[in-house]
S.K.: 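Quick one: the structure is below, questions incoming.
Predicted model, so just to flag it, every value in this text is computed and none were measured. A, B, ... follow the sequence lines: proteins, then strands. Residue 1 opens every chain. In what follows, every heavy atom counts, from backbone to side chain, and hydrogens, waters and symmetry copies are set aside.
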Amino acid sequence: MARKRMIQAMNEAILEEMERDPSIVLFGEDVKASLFGDTRGLWKRFGPDRVRDTPICEALISGMAVGAAAAGRRVICHMMFGNFVYTGMDAIANQAAKLRYMTNGQITLPITFLAVSGGGRSAAAQHSDAVHPVLANLGGIKIVMPGSPADAKGLLKAAIRDDDPVFFLQAAGRGGEPGEVPDEELVIPLGEACIRRPGRDVTLVAIGAMVRPAIKCAEALAGEGIEVEVVDPRTLVPLDLETILASVRRTGRLIVVDEARDTCSSASHIAALAAEHAFDALRAPIRRVTVPDCCIPYAPVLERAVLPGVEHIEAAVRATVGWRRPR
Amino acid sequence: MARKRMIQAMNEAILEEMERDPSIVLFGEDVKASLFGDTRGLWKRFGPDRVRDTPICEALISGMAVGAAAAGRRVICHMMFGNFVYTGMDAIANQAAKLRYMTNGQITLPITFLAVSGGGRSAAAQHSDAVHPVLANLGGIKIVMPGSPADAKGLLKAAIRDDDPVFFLQAAGRGGEPGEVPDEELVIPLGEACIRRPGRDVTLVAIGAMVRPAIKCAEALAGEGIEVEVVDPRTLVPLDLETILASVRRTGRLIVVDEARDTCSSASHIAALAAEHAFDALRAPIRRVTVPDCCIPYAPVLERAVLPGVEHIEAAVRATVGWRRPR
Amino acid sequence: MSVAASNLSREELLALYQRMLLIRRMEEQLARDCAAGKLPGPVHLYVGQEAIAVGVCHHLEDRDWITSTHRGHGHFLAKGGDPARMMAEIYGRADGICGGFGGSMHVADFSKGIIGANGIVGGGIALATGAALAAQLDGDGKVAVAFFGDGAANQGVLMEALNVGALWKLPLILICENNGFSEFSPTATVTAGRIVERARPFGVPALKVDGNDVLAVWQAANQAVRRAREGGGPTLIEAITYRTRGHVEYEVTFITEPYRSEAEVEAWRAKDPIGRFAAYLATHGLAAADELEAIERAVGETVAEAVRVAEASPEPDPASATGHMFANPR
Amino acid sequence: MSVAASNLSREELLALYQRMLLIRRMEEQLARDCAAGKLPGPVHLYVGQEAIAVGVCHHLEDRDWITSTHRGHGHFLAKGGDPARMMAEIYGRADGICGGFGGSMHVADFSKGIIGANGIVGGGIALATGAALAAQLDGDGKVAVAFFGDGAANQGVLMEALNVGALWKLPLILICENNGFSEFSPTATVTAGRIVERARPFGVPALKVDGNDVLAVWQAANQAVRRAREGGGPTLIEAITYRTRGHVEYEVTFITEPYRSEAEVEAWRAKDPIGRFAAYLATHGLAAADELEAIERAVGETVAEAVRVAEASPEPDPASATGHMFANPR
Ligand SMILES: Cc1ncc(C[n+]2csc(CCOP(=O)(O)OP(=O)(O)O)c2C)c(N)n1
Ligand SMILES: Cc1ncc(C[n+]2csc(CCOP(=O)(O)OP(=O)(O)O)c2C)c(N)n1
Ligand SMILES: [Mg+2]
Ligand SMILES: [Mg+2]
């Protein structure tokens, strides 16, 4: 074990996988300079053939990822900010998510798209969207949202080895967060949730960047005797529904914390799944702690008002645990 | 009242509004020839200044809609198929949905985007997506999905008069469906659901193209004494939650039928809202009848297998009405 | 047309002819099938443009990549796709090349380097650029060809591909088939300037050819493919042609006003690439009448066989409808 | 630099100088504020490029439209945006021109025709095209100007705008500020050929100017704006300049390797548009030293006042955070 920052863990994952598999090509805007640090040093290590700075042209880049993958390469495609996914959306939605299906599974499309997701740094509306619900609805894109450096490393390695298009969404501005990362080879299968903290009173499903405030909240409430179980799905597609439902069946209560806008969020979807498949176990309304249906504002005081924080989560837990069926 | 096809009703709505408001400009690919018939005759009537055929360049078109609206025009922008929304996604998500908010409400953006939505005609994966969940998650886009010719007319007129960006999504291939349309001026406010058929046993929220099979199913089951209440939300943003919740409180049961892929669908969202706000009234699990998380296939037999049909809805109703809390 | 310039053998010339005719007859069959209500979805026919797919693909091997458009049957067949499996696909059958999942707008066969037809106008351009990148990394002289229309040339992704193609010297060949229309919009109403010029600012070689002259297309493609194989980077070819059938087969049912004159269509029919090439072969004594007839018969038999196979093929299993979204579902 | 050619009065020349200096001093203030940790979000400074915004906007009235980029303070101020309200915006305050909702990358003032800075590279191009359409329909000679970078010129939407602009003869002026870099990529590594050439295939007039020479920019814009007002359609201007500060203010904290040499930066500093113009004014006896000093003082006072206003402004009300997504929420 060693203490590493999340971005370092990601950097190692890419480096190790590119060492391991010479068919991998990585491209995107300024991957050589590396804004976030995840691709730092790769250009020097692997050269300009396998690590390519592209012009600014997301529509082409995302389509090239599909074309190169269809033609036999394993691709890592850096989209930088989540909002630029919209700019490259056509090939993501119409090609990456569909080409295998439309052609009856003739090909695999081993593509890992990298992007940061969410707000919190006054980057304002065009650099702060959490785009995972939009991607999740496409059906053909896997989605990874790591909650810790170790998970980032193990999940990114799994994503790169995966034969399907995967979006790896790292929480924006949280690359510096440290955590213990095992020294040995670490590959965490996609589709396996993890219970970050056990608890009997309420299940708190927390996605990506929300894991940390969820744990903080759980720790704070433990002092009052409220035992919160924090479940980190780690991947949204595929979703480990079993682990989530098993937890809900134990606690009888569910809250989902998601940094997405509320309407059609992953929080909504997980809530809907529980309202169908764990209905008989539910002892309280299912709550969502999400971003209201607005843009992410610039001023810190405004941004704090719309992003889910510990206090929003805590309020939801108290309301859920304290709920009594009206007479 | 006169019997009209849905596309005719839409055509009338646009024509009447363009007559009424000379600031309206309409553009898109082949709006002069009019593939679907909704813009038929408008070029002749209003001339090449106000009705413009664009080249194929969705990224520009959607952005132009925002620019022209910000500069004082009322805009109708035809995106043709729902899947081409992805091609023009950047300006829809990053500009249309955000420009008013980012600039502190300095402007209004009166834009009506037109597109067809959904499958059913063997148009295959790249012409059959129902894109409303993706649009709904953006937060700044209103969404209209009419279930009848009269609604199409009244809602389209309201959409055009609305000062915000609205996506008007007509069910693909269903333009020929006839219905009674009032002769007098008809403007149906956005955000008002309508109860298509009252019933005491289960609430069936059916979106857009799903209204018809939902009603069919309700009629069939009425013969067996199962009384299904069919609620048509008509607009997904804004959503008339009150009407939906009131119905669920009456029936104690909810099913949502949505032609979207399941994950992060509007069905999921409506289910989540009910699981929070009508929890105490629920007497059965909330079910969703949606498209599984796959593309829309070409062959009719495959397409029928994935699109929600009367039989899928019926099965959900039976399961819901017959559900008993396990002991 | 000049055979001297093309250096093609008589056998090769007849092969070109055969392939064009195969595309034509297959699509005439599809037109009849469509009119008879036998096809579940829309079909966009390539009639009149066959010289382009055939003239280009003659230079390509199975390992080379092509991407195509909504009007993709010609490219599929020219690149060696199986006629019967294409027919079965368009009929929506289990033996279709995509198992009935794709249909007319998505016929693809990766084993033949056919990345596929594409329902998104301009969608194939980025795919081909990516395939060209893969080809370049493979380092064995493969190339990638994007076929697209004049309408698609107005999608900005073309400029993006020219830029990246030029910067990286990708083995990419961009074939713009200017058939006079973007759906129902005559090209000039939606396309400023000349498409062929659009390559020049990027330093990408570009040429314009008569797309109804299979040998002219062959020549242009010959240069472009050679340059690409040798590491010389991309080429844009604008091939001038004409769509003599409708944009989509059933357009008369919804287009209320004519968007072109019958005289214009007739004038172009007179320049039909197949008729012209047959006359050329005859005039130059390169094919006897009975040879051409034999080809006609053989092609007819292939089409008939394709229909038989397609009709005999079962419908896909509905239980498989959600089956292969992912290679590793979990 | 040639005043004869520009036909500008002394007062106008001094106004150009004043505006460039205002942009410079405002941004130097922002640089200090950023270093001091006073700015909540990222800022991209325009230092070295002032001649472009000022040379172009001098031709524009409030009713004309501009769209800008992530590097948008210069355009905002050149088009007549209020310095204090810009400062307050970047400080994230309630009196900010966007109430603190937008920040540096979104400063906008529609009453001044400023559609706004833009966080999406290339995003302003389509907005300006739409504004040009609106202007054309208004029929009163308004124009729309899109400012964008060399990096943005690689977004396909530029080609799409050139095409539509040419077809519809829109009053659209496309100003590409080629400052040598797309973030940390030198232009030549990501940009094939010459940007100015990209207009030609569409028949759109294009010219390249020294973007550090305010009079050269003024001249080029003069032609372009006149043509646009008179219904002559779009123009592309490529203005060659250089970004002397970082791409983003705190880049040293994350960029581990230099992406350009200090010598290169120094060489360009010597061509600083403001210093050059001051020297020109002095050499030609168009401004006395004390006149320039007076301008400097006045500008300094404006900046100081902007800071005072910004600092005195309250933070926005968190309760308003979700307030104005829609004009008609229901
Ligand atoms: C992104 C996108 N926009 C619009 C369409 C609708 N559409 C289908 S074909 C077509 C015209 C294509 O013209 P062109 O590229 O010249 O090809 P042609 O049909 O002439 O072969 C259009 C607009 C589409 N399929 N995809
Ligand atoms: C669509 C999109 N892609 C990528 C980015 C990230 N990004 C911000 S600025 C920039 C470089 C822009 O270069 P240029 O257009 O030359 O403008 P400059 O920064 O030089 O003024 C990039 C890639 C973005 N903001 N938007
Ligand atoms: Mg065409
Ligand atoms: Mg630049």
S.K.: Can you tell me which of Val134(A), Ile270(A), Ile286(A), Val131(A) forms the most heavy-atom pairs within a distance under 4.5 Å of chain B?
M.R.: Ile286(A)
S.K.: Please classify the contact between Ala125(A) and chain B as side chain, backbone, both or neither, with a heavy-atom cut-off of under 4.5 Å.
M.R.: both
S.K.: Mind checking the CG-OG1 spacing from Asp164(B) to Thr108(B)? Nearest 0.5 Å is all I need.
M.R.: 7.5 Å
S.K.: In terms of ring plane angle, is the pair Trp323(A) and Phe279(B) parallel, tilted or perpendicular, where the classes change at 30° and 60°?
M.R.: perpendicular
S.K.: Side chain from CB out, backbone as N, CA, C, O: work out which of these in Leu282(B) comes under 4.5 Å of a heavy atom of chain A, or both, or neither.
M.R.: both
S.K.: Using a cut-off of under 4.5 Å on heavy-atom pairs, state which of Val85(A), Asp293(A), Thr87(A), Asn137(A) scores highest against chain B.
M.R.: Asn137(A)
S.K.: Go through the atoms of Arg261(A) and report whether side chain, backbone, both or neither lie under 4.5 Å from a heavy atom of chain B.
M.R.: both
S.K.: Which bit of Leu138(A) is near chain B, if near means a heavy-atom gap under 4.5 Å: side chain, backbone, both or neither?
M.R.: both
S.K.: Under 4.5 Å heavy-atom distance to chain B, tell me which part of Asp262(A) shows up: side chain, backbone, both or neither.
M.R.: both
S.K.: If you measure from CZ on Arg288(B) to NE2 on His269(B), what distance do you get to the nearest 0.5 Å?
M.R.: 13.5 Å
S.K.: Return the option, out of Met102(A), His277(A), His132(A), with the maximum number of heavy-atom pairs under 4.5 Å with chain B.
M.R.: Met102(A)
S.K.: For chain A, which candidate among Ala274(B), Pro292(B), Ser265(B) shows the most heavy-atom pairs at distances under 4.5 Å?
M.R.: Ser265(B)
S.K.: With rounding to the nearest 0.5 Å, note down the distance linking CD in Glu259(B) to CD1 in Ile207(B).
M.R.: 10.5 Å
S.K.: Of all of Thr320(A), Thr263(A), Asn83(A), Ile296(A), which one pairs up most often with chain B through heavy atoms under 4.5 Å apart?
M.R.: Thr263(A)
S.K.: Among Ala275(B), Pro326(B), Ala267(B), Ala271(B), which residue has the highest count of heavy-atom pairs closer than 4.5 Å to chain A?
M.R.: Ala275(B)
S.K.: Where on Ala59(A) is there a heavy atom nearer than 4.5 Å to chain B: the side chain, the backbone, both, or neither?
M.R.: neither
S.K.: Who wins among Ile92(B), Asp280(B), Leu135(B) for the most heavy-atom pairs under 4.5 Å with chain A?
M.R.: Asp280(B)
S.K.: Output the distance between atom OG1 (Thr243(B)) and atom CD (Glu192(B)), rounded to the nearest 0.5 Å.
M.R.: 8.0 Å
S.K.: For Arg283(A), is it the side chain, the backbone, both or neither that has a heavy atom under 4.5 Å from a heavy atom of chain B?
M.R.: backbone
S.K.: Roughly how far apart are His78(B) NE2 and Phe84(B) CZ, rounded to 0.5 Å?
M.R.: 11.0 Å
S.K.: Answer with side chain, backbone, both or neither: which region of Ala91(A) has an atom nearer than 4.5 Å to a non-hydrogen atom of chain B?
M.R.: neither
S.K.: Can you spot which of Leu169(B), Val166(B), Thr235(B) makes a side chain to side chain contact (heavy atoms under 4.5 Å, CB included) with Ile143(B)?
M.R.: Leu169(B)
S.K.: Hey, could you give me the CG/CE distance between Leu236(A) and Met145(A), rounded to the nearest 0.5 Å?
M.R.: 6.0 Å
S.K.: Where on Leu273(A) is there a heavy atom nearer than 4.5 Å to chain B: the side chain, the backbone, both, or neither?
M.R.: both
S.K.: Hey, can you tell me if His127(A) and Phe81(A) have their rings parallel, tilted or perpendicular (30° and 60° cut-offs)?
M.R.: perpendicular
S.K.: Salt bridge or not for Asp129(A) and Lys98(B), using N-O below 4.0 Å?
M.R.: yes
S.K.: Side-chain contact, heavy-atom cut-off 4.5 Å: Glu58(A) with Glu29(A)?
M.R.: yes
S.K.: Would you check if Leu109(B) and Gln95(B) make a side-chain contact, meaning some heavy-atom pair closer than 4.5 Å?
M.R.: no
S.K.: Let me know which of Asp240(B), Ile244(B), Leu239(B) forms a side chain to side chain contact (heavy atoms under 4.5 Å, CB included) with Glu242(B).
M.R.: Asp240(B)
S.K.: Strictly less than 4.5 Å between heavy atoms, which residues of residues 250-258 of chain A line up against chain B? Please order them by number.
M.R.: none
S.K.: Heavy-atom pairs under 4.5 Å with chain A are the metric here; pick the option from Gly88(B), Ala97(B), Ala284(B), Ala278(B) that has the most.
M.R.: Ala284(B)
S.K.: Do you know the tightest heavy-atom contact between Ser268(B) and Ala272(A)?
M.R.: O-CB, 3.5 Å
